[in-house]
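Heads up: numbering here begins at 1 and tracks the sequence. Note that this is a predicted model, so its numbers are computed, not measured.
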Amino acid sequence: MTDSKITSATVRDDFNSIEAVLHYTRAAVSLGLWESERILIERYFTDHTAPLLEAGCGAGRATLGLWSLGYRDITAFDFASELLEQAQSLARERDAHSIRFLLADATRLDQCHLIGDIPSGAAGKRLNECHLIGDIQSGPTSAESGGLSFGGALFLFNGLMQIPGRANRRAALAGLHSACRTGAPLIFTTHDRDACPEEAELWARERAAWQAGMHDPRLVEFGDRYMTSTEGRIFMHLPDVTEIREDLAATGWQFEFTAMRREIARESRAVREFSDECRFWVARRK
């Protein structure tokens, strides 16, 4: 076992693997939005004309779900180019041509690239730059001003928790905060390591291992896991409620709502097989 820490490059490579691309593309084609996602989206994003920003869009499962609900001003980004190409292809098939797909790292939203500018087999070539963060005004700004101000943001399917390092996750939250206008809602999901009594013994062992310095040396902090599944290798940070509320407060977001998925909707068997139980969060830009 290597002692090298898991980094964003590790996670990016895992998402660009053929197993991950197939897994998330199948979900984008056949699964669509979860019922819990739909309920919260329609509850908090009441203006269908407002510009929305989706972080970690992957192959477009939620992006295309937003389109199907009638949202038309959508900007979606991910840092895995293979997944983004799938998302763009599916959007074309469904005539969702106005969706703007960007290649961007959630921790560095001042640097992003139009997915359409990615040249095949041209690694290392400079891409045309665009900006999600600029001189943010009270409303959407023009392309000439170098910035956009979004009326809402999403980071679904635990995408925020697949960023290694708490400082990096806070950077992502701060970036989304800068990209949104005052009052804009943010919806995201996490696991909750305290919500499942069955995992109490696991996390007690993990804490003891960290205290003894016997934990997996690749992990960045307590709460991290690096697992193998049918979709390849997956990094995930499992927080508790206190951690997330602290991170929201530290990055300018006002906490508004949280609940476990099962408390919001009874999901289909297909959704439950695709995703473990998770916790939804809603915050608002102060």
Side-chain angles (χ1 to χ4, degrees), residues 5-12 40-41 44-45 51-57 75 77-79 102 104-112 131-138 147-195 203 206-207 210-211 215 219-226 235-261 278-286:
K5 295 292 185 184
I6 293 169
T7 66
S8 61
T10 311
V11 178
R12 181 187 295 110
L40 292 184
I41 288 167
Y44 289 98
F45 298 148
L52 300 182
L53 178 63
E54 185 194 358
C57 67
T75 298
F77 74 85
D78 203 290
F79 72 163
L102 306 178
D105 183 332
T107 66
R108 301 186 67 183
L109 292 187
D110 57 337
Q111 301 177 22
C112 60
H131 301 279
L132 288 172
I133 299 175
D135 297 324
I136 305 300
Q137 307 295 323
S138 59
L148 293 170
S149 184
F150 293 93
L154 307 95
F155 210 154
L156 298 176
F157 198 31
N158 306 325
L160 180 64
M161 295 297 106
Q162 292 178 290
I163 298 175
R166 190 176 189 183
N168 292 326
R169 292 190 293 276
R170 286 191 174 187
L173 287 170
L176 293 174
H177 181 274
S178 295
C180 288
R181 66 181 69 159
T182 300
L186 166 68
I187 300 175
F188 64 101
T189 64
T190 72
H191 284 293
D192 182 347
R193 64 175 182 257
D194 293 335
W203 288 108
E206 278 291 299
R207 188 174 293 280
W210 276 84
Q211 291 171 344
H215 59 281
L219 302 180
V220 178
E221 58 202 353
F222 179 70
D224 290 354
R225 298 190 70 182
Y226 193 44
F235 170 82
M236 185 71 67
H237 178 74
L238 285 75
D240 58 19
V241 169
T242 299
E243 178 181 327
I244 298 302
R245 294 197 64 156
E246 289 175 351
D247 289 349
L248 289 172
T251 53
W253 293 97
Q254 181 175 330
F255 165 77
E256 189 156 320
F257 171 84
T258 189
M260 299 302 292
R261 185 177 67 185
C278 62
R279 175 175 289 280
F280 275 88
W281 295 86
V282 180
R284 201 169 293 274
R285 189 197 193 279
K286 293 193 285 188

(request) Could you go through the side-chain contact (heavy atoms from CB on, under 4.5 Å) check for Val220 and Asn168 one step at a time? (result) CA-CA 11 Å; Val220 178; Asn168 292 326; over 6 Å; no
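- Contact annotation: the side chain of Arg181 never approaches that of Arg285 to less than 4.5 Å [non-hydrogen atoms, C-beta and beyond].
- Atom CG of Leu186 is separated from atom CG of Leu248 by 7.5 Å, given to the nearest 0.5 angstrom.
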(request) Check the pair Phe222 / Arg193 against side-chain contact (heavy atoms from CB on, under 4.5 Å), numbers first and verdict last. (result) CA-CA 11 Å; Phe222 179 70; Arg193 64 175 182 257; 3.7 Å; yes
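- The backbone N or O of His237 lies less than 3.5 Å from no partner atom in the side chain of Arg169, so there is not a single donor-acceptor pair.
- Contact record, Cys57 with Asp78: N-OD2, 3.3 Å, taken as the closest heavy-atom pair.
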(request) Start with the C-alpha gap between His215 and Glu221, add the side-chain angles, then the distance that decides, and say whether side-chain contact (heavy atoms from CB on, under 4.5 Å) holds. (result) CA-CA 10 Å; His215 59 281; Glu221 58 202 353; over 6 Å; no
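- Counting all heavy atoms, side chain and backbone alike, Cys180 lies closest to Ser149 at C-OG, 3.9 Å.
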(message) Does Asp105 form a side-chain hydrogen bond (donor to acceptor under 3.5 Å, both in side chains) with Thr107? I'd like the steps, not just the answer.
(response) CA-CA 5 Å; Asp105 183 332; Thr107 66; 2.8 Å; yes
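- Taking each heavy atom of Asp224 and Leu219 in turn, the nearest pair found is O-CD1, 3.4 Å.
- Residues Lys286 and His177 approach most closely at O-NE2, 3.8 Å, considering heavy atoms.
- Counting only heavy atoms from C-beta outward, the side chains of Tyr226 and Ile6 approach each other to under 4.5 Å.
- Put simply, CZ on Phe79 and CZ on Arg12 are 5.5 Å apart, with the number rounded to the nearest 0.5 Å.
- The OG atom of Ser178 sits 8.5 Å away from atom CG of Leu109, with the distance rounded to the nearest 0.5 Å.
- Counting only distance, with no hydrogens or angles, the side chain of Thr190 and the backbone of Asn158 share no donor-acceptor pair below 3.5 Å.
- Between the OG1 atom of Thr75 and the CG atom of Leu53 there is a distance of 6.5 Å, given to the nearest 0.5 Å.
- Minimum heavy-atom separation, Gln162 to Pro164: O-CD, 3.6 Å.
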(request) Test side-chain contact (heavy atoms from CB on, under 4.5 Å) on Val11 and Ile163 and set out the steps. (result) CA-CA 8 Å; Val11 178; Ile163 298 175; over 6 Å; no
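- Side-chain contact between Arg170 and Glu246 is present, with at least one heavy-atom pair separated by less than 4.5 Å.
- Using modelled atom types, one side-chain atom of Trp253 and one backbone atom of Leu173 make a donor-acceptor pair closer than 3.5 Å.
- Nearest heavy atom pair, residue Pro185 against residue Tyr44, reads CG-O, 3.7 Å.
- Rounding to the nearest 0.5 angstrom, the gap separating the CG atom in Asp247 from the CH2 atom in Trp281 is 9.5 Å.
- Here the CZ atom belonging to Phe188 is positioned 12.0 Å from the CG atom belonging to Leu40, to the nearest 0.5 angstrom.
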